[in-house]
Structure formats: structure tokens, C-alpha cells
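Have a look at the structure below, then the notes.
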Amino acid sequence: MAEPRAKNFIYEQIDADLAAGRHSTVVTRFPPEPNGYLHIGHAKSICLNHGIAAAYNGRFHLRFDDTNPSKEETRYVESIKEDLRWLGADWGDNLFFASDYFEQLHDWAVHLIREGRAFVCDLSGDEIRAHRGTLTTPGRESPFRGRSVEENLDLFARMRAGEFGDGEKVLRARIDMAHPNLNMRDPVLYRILHAKHHRTGDGWCIYPMYDFAHGQSDAIEGITHSICTLEFEDHRPLYNWFIDNLPVPHRPRQIEFARLNLTHTVMSKRRLLQLVNEGHVDGWDDPRMPTVSGLRRRGYTPEAIREFCDRVGVAKRNNTISLSLLEFCLRQDLEGRAPRRMAVLDPLKVVITNFPEATETYAGPNHPAEPAMGEREVPLTREIYIEREDFMEDPPKKYFRLAPGREVRLRYACYITCTDVVKDAEGRAVELRATFDPESRGGSTPDNRKVKGTIHWVSATENVPLEVRLYEPLFSAENPDDVPEGGSFLDNLNPESRRTVAAYGEPALRGTRPGEPVQFERKGYFVLDADCAEDRPVFHRSVTLRDSWAKQAKAGD
RNA sequence: AGGCCCAUGGUGUAAUGGUAGCACUUCGGAUUUUGGUUCCGUCAGUCUAGGUUCGAAUCCUAGUGGGCCUGCCA
């Protein structure tokens, strides 16, 4: 038996089932409804299910839970498959649809009717609700509960034949209207829906409810462990009731775990949809969205997401994971593989007054610790841009970047000393004058003098203009729901969540391909947008580098 | 209010009746041609009260706190 990397309570239960001989193999599944896009919470479930199947050398199924034609569309099926493939969750030949089982499910409904365990009910939706009772009071039995098997069979057949309109009748299980678990109070099994289904078309006008479809679909596929989130805990007795009362070929077991929550974001489909519909973001794949497509566009890698899903753990306690863990996983993954480049995001011109007119070329390793990644050429000219924040006219003690009279190293190139500050009418520095030490070419000097600061730079004449998008969390509050009485999570939307700047990059950036991570030295990891025009590259910042100076400076004020 | 579930540092997660560990975060230090990386260190935890036991984070009871459930959604 495989030794799982992260042992959690689900593995223990599976071990126990295997040890008791209840199963000889392990089969899991990911069962999305094709009515929306996948988010990082789904990724956790995918990694869990796929990881378990892999750990036990079992099978992993992708099954679309498409029992509600009024909400589901083929385009969602495609995007979900794309997201799974990208995440690396391979379902092999095991692609299924609950709608493939409609005929079998229907036969099982007939079976229940024959056994006297299901009946056709004419009550309206409102009446069923009124009969259901409340959390503290028992429900009342439907007046149609006592119909004969023959009448139920006839009525159900006519429901299927399309003789009734939407909502006129439903098929319900006959269980217990006084059950403390409301799911057991004669739950609806089938409803009438004259809607075109994305796969079965007009083949059906009655559709099974989730409860009647899910467990039986698991049983049909031989799923051994049906892993779902906590809110289905109350459905487990019903799940088991169907398995107990139907001649199903296998006996799956439902196990619940706590869904993933992340700070500074929302995770429910409803709210994500609201963000898109109300234009708070550009779309489902907006790089600020916690969707799989948004994270992908932001520059997250499947490896980083899988590592994250591994690290968050699996338990039954409600949890909220810190966004910093997600960012940590990305940095960790990109650190070793992203080629280094230089780009200036907030340019300040520097004229190196004693620099020759001709361009000089310096070699910069693509990675400081991986010589195998090679190097690229970086042109240095008399006029360059540096980051505005890398100069201070009146620096605090521990600032070791450029200041009047101070010397810094231009990364990979040489030392410069600031000699003059050119200011505009408001006294703001608009240009610096500097001199360079010809002895320092290559980044060090024969006298071995120490230069504390190394800053990045880009030639003012040999560069690539870039559009760069800088991101902050979509919500400024850790918990977007943390609002005063009567407020909305939208009140916590971060107005600074996206900032677009015009930047300059070194020429080697021209060779970057969409989706390929790069590190802009000292500024973070970036990714070239897949849809931008070739002559106007757009880079998204995936994540910043850790910045202990920023922290120190902030603590200083 | 009825049923079900949950409770370990700031966050997340281990310890399965026998020394409370790991990771993220925080804060420090070393190294560094990225204030990055790497390395080392630091702060900090078993919800409360009873009980069982030689011994309880772990088992039992009660309390407290939190989550879910009254769709012909999934």
C-alpha cells in the first residue's frame, strides 16, 4: 500500500476499510456540476481525490453531476475539463455523466414505488414546504402518501411521458415526516422540468434530484469513497437509505471534510458570479479571482497549487487559510525556475556623465544559482532608468540605495555615484546625474571596496516598453464578510487591487513567451499575458518577492 | 429552539492513553552582485469544569464557543 505524503483522517478510514476487507481497491471521484467555473477550493478537492486514488493505486473518476438542465451548459464541461488537465488530475478513460445513468435511476425509482417506498405527490412547492415542519416541529404527511403502488406506477409513467406541467407533481420517498433530520422527511426524488438538457436534449422531462442521483451514481461506478464537503453531512443518512433500499451493485461510503476558505477573498459561486456580473472584475479569469482560470492567468503554476493543496491539510474543522501560504507556495516553485530579468516599474532617469557614447554590453546569468540556465546580454548606455524608490534625497540611516554622494552597484554592470539631482518646480527629482567608476565594470573593483546596495536598471534607449499590472488582494479585509450591520462584502473591495503602470524592460524580455514565468529582479515574479498584442506586452505580477526593507521601512514610520 | 458536526500557538495541521511536533506568519542573526535565495535562531498552543486512569490533547459527562440543516439547487 502506498504511503501517502500527508496522512489525514480520510486515509485512516480508507486503511480501515481495506483492512476490514470491505474493498480491495480504492476508487474516488470529482463530481462538479457544470454550471460555473472551478476555484481553488475545488482544486483542494481535486487534489485530495486524485491524490488518494494515486496513493492507493486506484482509480479517479471525473463525473459531471448534471441533473439540473436549467443551470448547466456544455461550455462549463469544457472549462472544467481544461482546469483539471492543467492541474494534472488525469481521469484517463473515466469520464462520466450522471445523465448517462438517467435510465437506471428511473428504474430504481420504479423499484422504490413497487416496494411501497416512494409515491407521487400532487402538493405544490409551497405546500410541501408547509408540510415539512421546522427544525423543532415534526412535519405532516402528504395526503397523497397513501396512493396505491399501481396508481403511483401509472402516475410516474405519465410524469415521464410528459402529461404534466412543471411543478404539477413530484416523486417522493416515503420515509418519516417526523424525522429530526429534515432530509429524511419524504424527500423529493424526481421533479418535472420541461427543459432541454445539454446532453440528453429533450429525452427527459423528469429529472432526479441530487440526493437520488449522487450515491447511486457512485454505486454504479464502483466508487468506494465518496468524498464531499461538510454541508453534505446531513445528507449522509439519506445517501445510505438509498444504498440500503436499492439493488445497487456496490456500496460506496460518503466521507465529509471541511472546504477550503482563503483570507482576503470569497469562494462561493454565487459571490464570484456577482463580482463578474457587476463588473468588479473583468471576468472569471481575472487575475484577481480565486478561480483556477484566474490563478492560471495570474501566473500560478499547477505545481504551486498542488503544493498548496497538500499543505493546507484535510480535516473537519472549519478553517481559513492565510493568503500568505498560497503566495509562499508560488514563490517557492518559481524561485528555482523563473529566469531573471530587469524591468523598471516607476522610472527615474539617470545620466552617467562620464560614460562613453557607445553601448556597453554585460552578461547577466539567467539564474544566480543555476548556471545551466545560461545567461543573456544586457546593454548599458549613458542614460538609464532606475526605480524611483531606489533614490532618496535625504535617506534614513539604514537605506543603502542611491542618494546624493552615495555609490551603488548597477546589477551586473558597474558602480555609479550620484552627483546631482535635477528637480522640477515642486522640488521633485526628475533626473539624476551620476558618474561611474571605469574600474568597476563587471560589478566589482580591484580595491574590493564594499558597496552595500545593488539596484536594477534598464537602458533609456535600448529597452522594451511594457504594460505591467500590479495586484493586491481583491478584498482589503481578511474576512470580506466582516462588515457593519447592513453592510455588504462588496464594501470591503480593495480599490487598489489592480494598478497598471507603464514600465521599461531589458531587451531580453522580447524572448518571453506567454504563460512563462520570469522574475523581474527585486520586483517579483511576472507572467506575460496570453492575449496581449505582440508590440505591447502586458505582464501580470504573479507575486512580489519577500521584501524585508519594505517591512522595516513601514515599521519605521 | 431540534438534529448532526467541530474545538491544539496569530493561521493551518500532527501527536490514535506515555517528552505537544511540523509548516506558514512574526521577530532576530549569518551568508549574499536581488533588502531575493539559502542557513540558523525566536515568540507563541491543547476552550472550561468535572470524571475514568499510575498517566488524558486523546476516553466519558456537562457547559461554552463555532459551523451546517426548514430548494421541486448541487
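To find a chain, count down the sequence lines: A is the first, B the second, and so on, and within it residues start at 1. The basis for the numbers below is simple: all heavy atoms, side chains too, and nothing from hydrogens, waters or symmetry mates.
Nucleotide rG12(B) forms a pair with rC22(B), judged by Watson-Crick or G-U wobble geometry with both contacts under 3.5 Å. Across all strands shown, rU48(B) pairs with rA62(B); the Watson-Crick or G-U wobble distances both stay below 3.5 Å.
Side-chain N or O atoms of N181(A) include one that pairs as donor or acceptor with a backbone N or O of D234(A) at under 3.5 Å. Counting only distance, with no hydrogens or angles, the side chain of E327(A) and the backbone of T544(A) share no donor-acceptor pair below 3.5 Å. In terms of modelled atom types and a separation under 3.5 Å, the side chain of E33(A) and the main chain of D65(A) share no donor-acceptor contact.
Side chains of K44(A) and C309(A) form a contact here, defined as non-hydrogen atoms less than 4.5 Å apart.
In the model, R253(A) has no side-chain atom that pairs as donor or acceptor with a side-chain atom of H225(A) under 3.5 Å. Using modelled atom types and a 3.5 Å distance limit, the side chains of E335(A) and Y525(A) yield a donor-acceptor pair. No side-chain donor from either of N68(A) and Y210(A) sits under 3.5 Å from a side-chain acceptor of the other. For the residue pair H214(A) and R29(A), a side-chain donor N or O sits within less than 3.5 Å of a side-chain acceptor on the partner.
If you look at F156(A) and H106(A), their ring centroids are closer than 6.0 Å.
Atom CZ of F328(A) and atom P of rU37(B) are 10 Å apart (whole Å). Between the CD atom of Q552(A) and the C1' atom of rG36(B) there is a distance of 15 Å, given to the nearest Å. Between the CG atom of L334(A) and the P atom of rU37(B) there is a distance of 13 Å, rounded to whole Å. Look at CZ on F400(A): it is 9 Å from P on rG36(B), rounded to the nearest Å. The CD1 atom of I321(A) sits 10 Å away from the C1' atom of rC24(B) (whole-angstrom rounding). Residue I10(A) contributes atom CD1, which lies 14 Å from atom C1' of rU13(B) at whole-angstrom precision.
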Which atom pairs link the protein and nucleotides 39-43 of chain B when you take only N or O atoms and keep those under 3.5 Å?
none

Using the 3.5 Å cut-off, write out each protein N or O paired with an N or O of nucleotides 27-32 of chain B and the distance between them.
none

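Using a 4.0 Å heavy-atom cutoff across all strands shown, Q519(A) reaches at least one base atom of the nucleic acid. Using a 4.0 Å heavy-atom criterion, one finds that A369(A) contacts no nucleic acid atom at all. Residue V451(A) is out of contact with every strand shown, counting any heavy-atom pair closer than 4.0 Å.
Evaluation of atom-type donor-acceptor distances gives a pair under 3.5 Å for the side chain of R340(A) against the base of rU34(B). Between the side chain of R401(A) and the base of rG35(B) there is at least one donor-acceptor pair of N/O atoms closer than 3.5 Å.
The gap from the P atom of rU19(B) to that of rG51(B) amounts to 24 Å, rounded to the nearest Å. Nucleotides rA62(B) and rC5(B) place their P atoms 13 Å apart, quoted to the nearest Å. When the P atom is used for both rU11(B) and rG66(B), the distance is 15 Å, rounded to whole Å. Rounded to whole Å, the C1' atom of rU25(B) lies 23 Å from the corresponding atom of rC47(B). One C1' atom belongs to rG45(B), the other to rA7(B), and the distance between them is 13 Å to the nearest Å. Taking the C1' atom of each, rG29(B) and rA15(B) are spaced 31 Å apart, rounded to whole Å. Annotation: rG67(B) and rA44(B) have their P atoms spaced 30 Å apart (nearest Å).
For S324(A), counting side-chain heavy atoms from C-beta on, the closest listed nucleotide (rU37(B), rC24(B), rU34(B)) is rC24(B). Comparing rG36(B), rC24(B), rG2(B) by their closest approach to the side chain of T136(A) singles out rG2(B).
Using a 4.0 Å cut-off, no side-chain N or O of T454(A) falls inside it from OP1 or OP2 of rG35(B). Using a 4.0 Å cut-off, some side-chain N or O of R546(A) falls inside it from OP1 or OP2 of rU37(B).
In this structure, R411(A) fails the cation-pi test against W457(A), since its NZ or CZ atom is not both closer than 6.0 Å to the six-membered ring centre and inside 45 degrees of the ring normal. A cation-pi contact, defined as under 6.0 Å to the ring centre and within 45° of the axis, links R271(A) to F489(A).
No option in F526(A), F520(A), Y504(A) other than F520(A) meets the ring pair (Phe, Tyr, Trp, His ring centres under 6.0 Å) test with F539(A).
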I'd like to compare against my own output: the B/S/- annotation of nucleotides 63-74 of chain B with a strict under-4.0 Å heavy-atom distance to protein.
----SBBBSBSB

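Contact between F436(A) and C414(A) at its shortest, heavy atoms only, is CD1-SG, 3.9 Å.
For rG71(B), the O4'-C1' to base torsion is within 90° of 0; the nucleotide is therefore syn.
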